[in-house]
Structures are given as structure tokens and as C-alpha cells.
Amino acid sequence: MGNSTSQTGFGLRFGGFFFSPGLIPTVVTILLLCLLVNLGFWQMRRAHAKEFLLERLAQRTQLAPVTLDQLLSHGSDLADYPLQVTGRFLEQYSLLLDNRSHNGIAGYQVLTAFLTEGRILLVNRGWIARGPSRDVFPEIPAVAAQPASDGTLQRVSGVTHQPSPNYFVLKEDDYTKVSWPYLIQKIDLEKSSLLFDYPVLPFVLRLQPDQSSGFVREWHNNIMGPEKHYGYALQWFSLAFALVVIYLVVNTSKTKNMQ
């Protein structure tokens, strides 16, 4: 009598086929399989996180503008809220965020200090072109904020943004040697606190679009859509499936039927 499945030596016989993998290929395959599957699930988690961020953005941008005290009562999650504050711009203190382009033209985003309720709020006023030389900074347009009700303060409105301090740059900014305007490669609010005698708020205010301001304000959150992450996950899972198929095929040979 012949069995359709039997164990022979270090392999398994399935009908007319004999599966006999080596130890090292098996270990390598298991390690690669674990890596590929984990990468697939990692992309799935990222897709779910992006779905949450996009849903949060859509919900919060529909809210009425909040005050600074109302915003700070929300804890550490302060992004994407419409905000209106009063204070005064400190126009002599502006940061130029480097390597920002618009329609293929190199330029900067200008963040100017705004003193409100005894704290510094960095206000992103938008993009301006760099000019013919990196050695000479462009002229920054004057502030055109609305006056507050008492006439002595200014009022600005926009949407809050929390930049990541982990944004990769080739060279970190040196906040110990500063001249104004100060060129930066990324927004680091914690380090920016070294520049002022007032505490710096843990978010940036992106101003509403205004064609008369002299700035381009087309804000992009740089959020990759969740569909791309789902696509990447499918690729990793497909590679994992292909790896298993290759492992089985390479380590399986055809044998003659035994009577």
C-alpha cells in the first residue's frame, strides 16, 4: 500500500513529489517572511493613521475660530484648529524657512513672531520668492494685520499647525548664532524658544489666503493619501506570498511513484 503523504528522511512526500528543504534556506525564508509580513502590516497601520488625520482635518476646519485659551485647553493635540488671536507683530524677528518652492520657483516661507498674551506665536505668513542670490535675502513685505477693537493691537486669523521636530535635514540649525531674518531648514519650536524672552507657543499659525499680502498661502499638510499605503501593503504581502511559493517550488522535486 502507498500513502499519499509520508515522511521520508528530512522531507515530506506528497504523492509523486518530495519536499526536502535545507536548514539554512528555511531559516532565511522564515526571517524574510516575517520581515515582509511586518512591513505589510506597518503600511496598513500607517494607512489607518492617515485616514484618521484626514478625517480630523476635515472636521476641525469646519469649526468656528477658537480663542487661544480654548485651544490650549485641548491638551497637546493642537493641530488644524481655526484660531483668532490679538497681539502685535514683532516684525524685526522673522524666520525664513528654506527650500520651499512654488510653481518650480525657489523661495522661503516667512514666520514672524507675534506677541500675544505674554507668549510668542510664530505666524507663517506664507511663501515669497528667493531672488537672484542666496546671499541676499528678499525684502519681506510689511505686516498688514487687521487692528483689534481697541486700535492698539492687531488681530490675525488662521489654522494651527504642529510641525514635526523630527523632520529630516542634512544640517541642523544653529540657534546660538542668529541674525535677523534667520534662515532655518526646519521649524523647531523648542529650539526657537531660545530666541525670545517670552515662552513660545507649541504650534504655528498659518494665515488665511490674502492676495494683497504679498505672500503665497497654499498650505499643504504633506499627508500621503491612505490609498498609497494600502498599495504598499499589497506589494509587501504579495512579495511574502511569492517568497513562500518560491520556497516550496525550489525545495520540491518530482519522484517516481512507489508501489
Side-chain angles (χ1 to χ4, degrees), residues 43-89 95 97 100-103 107-128 141 143-150 153-167 186-190 192 199-233:
Q43 288 293 343
M44 293 289 289
R45 291 192 296 270
R46 294 194 68 188
H48 295 157
K50 295 298 176 61
E51 288 175 337
F52 169 78
L53 290 176
L54 291 173
E55 182 179 358
R56 185 189 70 178
L57 176 63
Q59 291 176 348
R60 291 184 179 178
T61 53
Q62 300 301 316
L63 298 174
V66 298
T67 66
L68 183 58
D69 288 340
Q70 290 172 333
L71 176 65
L72 294 177
S73 68
H74 293 154
S76 60
D77 182 9
L78 305 175
D80 304 322
Y81 282 99
L83 175 69
Q84 184 175 93
V85 293
T86 57
R88 59 186 179 91
F89 275 103
L95 304 174
L97 183 58
R100 296 299 184 268
S101 62
H102 175 70
N103 291 336
Y108 311 101
Q109 287 183 8
V110 179
L111 294 93
T112 301
F114 186 81
L115 182 59
T116 176
E117 301 181 21
R119 287 166 284 196
I120 293 293
L121 170 62
L122 289 181
V123 176
N124 194 329
R125 299 165 62 193
W127 177 91
I128 57 174
V143 169
Q146 296 179 344
S149 57
D150 61 2
L153 299 176
Q154 298 163 309
R155 181 172 65 247
V156 292
S157 300
V159 177
T160 60
H161 170 65
Q162 288 184 292
S164 172
N166 298 321
Y167 183 83
K186 67 176 182 180
I187 302 173
D188 191 320
L189 295 175
E190 183 177 352
S192 296
V200 175
L201 288 165
F203 59 88
V204 168
L205 184 67
R206 291 172 165 176
L207 293 184
Q208 301 289 0
D210 180 2
Q211 294 183 351
S212 64
S213 66
F215 295 91
V216 177
R217 296 171 182 165
E218 295 180 359
W219 306 119
H220 304 286
N221 286 291
N222 296 322
I223 299 178
M224 181 190 295
E227 63 280 353
K228 289 190 177 182
H229 290 292
Y230 284 125
Y232 292 147

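What you see is a predicted model, and the numbers here were worked out from it, not measured in a lab.
The distance from atom CG of Leu122 to atom CZ of Phe114, rounded to the nearest 0.5 Å, is 12.0 Å. If you take CG on Leu83 and OG1 on Thr116, they are separated by 8.5 Å, rounding to the nearest 0.5 Å. Interatomic distance, CD of Gln43 versus NZ of Lys50, reported as 8.5 Å (0.5 Å rounding). Taken from CG in Leu201 to CG in Leu72, the straight-line distance is 6.0 Å, to the nearest 0.5 Å. Summarising the geometry, atom CG belonging to Leu205 is positioned 10.0 Å from atom CG belonging to Leu111; distances are rounded to the nearest 0.5 Å. Atoms CG and CZ, from Leu115 and Arg88 in turn, are 5.5 Å apart once rounded to the nearest 0.5 Å.
Looking at residues two or more places apart in sequence or on another chain, you find no side chain to side chain donor-acceptor pair (under 3.5 Å) involving Ser192. Every residue two or more places apart in sequence or in another chain that forms a side-chain contact (heavy atoms from CB on, under 4.5 Å) with Glu218 is listed here: His102, Val216, His220. The side-chain contact (heavy atoms from CB on, under 4.5 Å) search around Gln162 returns Asp77, Leu78, Ala79, Phe203, not counting sequence neighbours. With sequence neighbours excluded, the residues that form a side chain to side chain donor-acceptor pair (under 3.5 Å) with Glu51 are Tyr230. Taking Glu117 as the reference, Arg119 meet the salt bridge (charged side-chain N to carboxylate O under 4.0 Å, His left out) condition, with sequence neighbours excluded.
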Point to revise | Steps toward side-chain contact (heavy atoms from CB on, under 4.5 Å) verdict (Val143, Arg125) | key: CA-CA 9 Å; Val143 169; Arg125 299 165 62 193; 3.7 Å; yes

Review point. Please walk me through it: do His74 and Tyr81 pass side-chain contact (heavy atoms from CB on, under 4.5 Å)?
Key: CA-CA 10 Å; His74 293 154; Tyr81 282 99; 3.3 Å; yes

Practice item. Would you please test Gln84 and Arg155 for side-chain contact (heavy atoms from CB on, under 4.5 Å) and show each step? Key: CA-CA 7 Å; Gln84 184 175 93; Arg155 181 172 65 247; 3.4 Å; yes

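At least one donor-acceptor pair under 3.5 Å links the side chain of Arg217 to the backbone N or O of Gln208. Checked by atom type and distance alone, the side chain of Gln109 never pairs as donor or acceptor with a backbone atom of Asn124 at under 3.5 Å.
If you run side-chain hydrogen bond (donor to acceptor under 3.5 Å, both in side chains) between Asp80 and each of His161, Arg60, Arg56, only Arg56 comes through.
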Let me have the donor-acceptor pairs involving side chains of residues 62-69, under 3.5 Å, with sequence neighbours excluded, atom names and distances please.
from  : atom 1 : to    : atom 2 : distance (Å)
Thr67 : OG1    : Gln70 : N      : 3.3
Thr67 : OG1    : Gln70 : OE1    : 3.4

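Across every non-hydrogen atom of Leu54 and Pro226, the tightest pair is CD1-CD, 3.6 Å.
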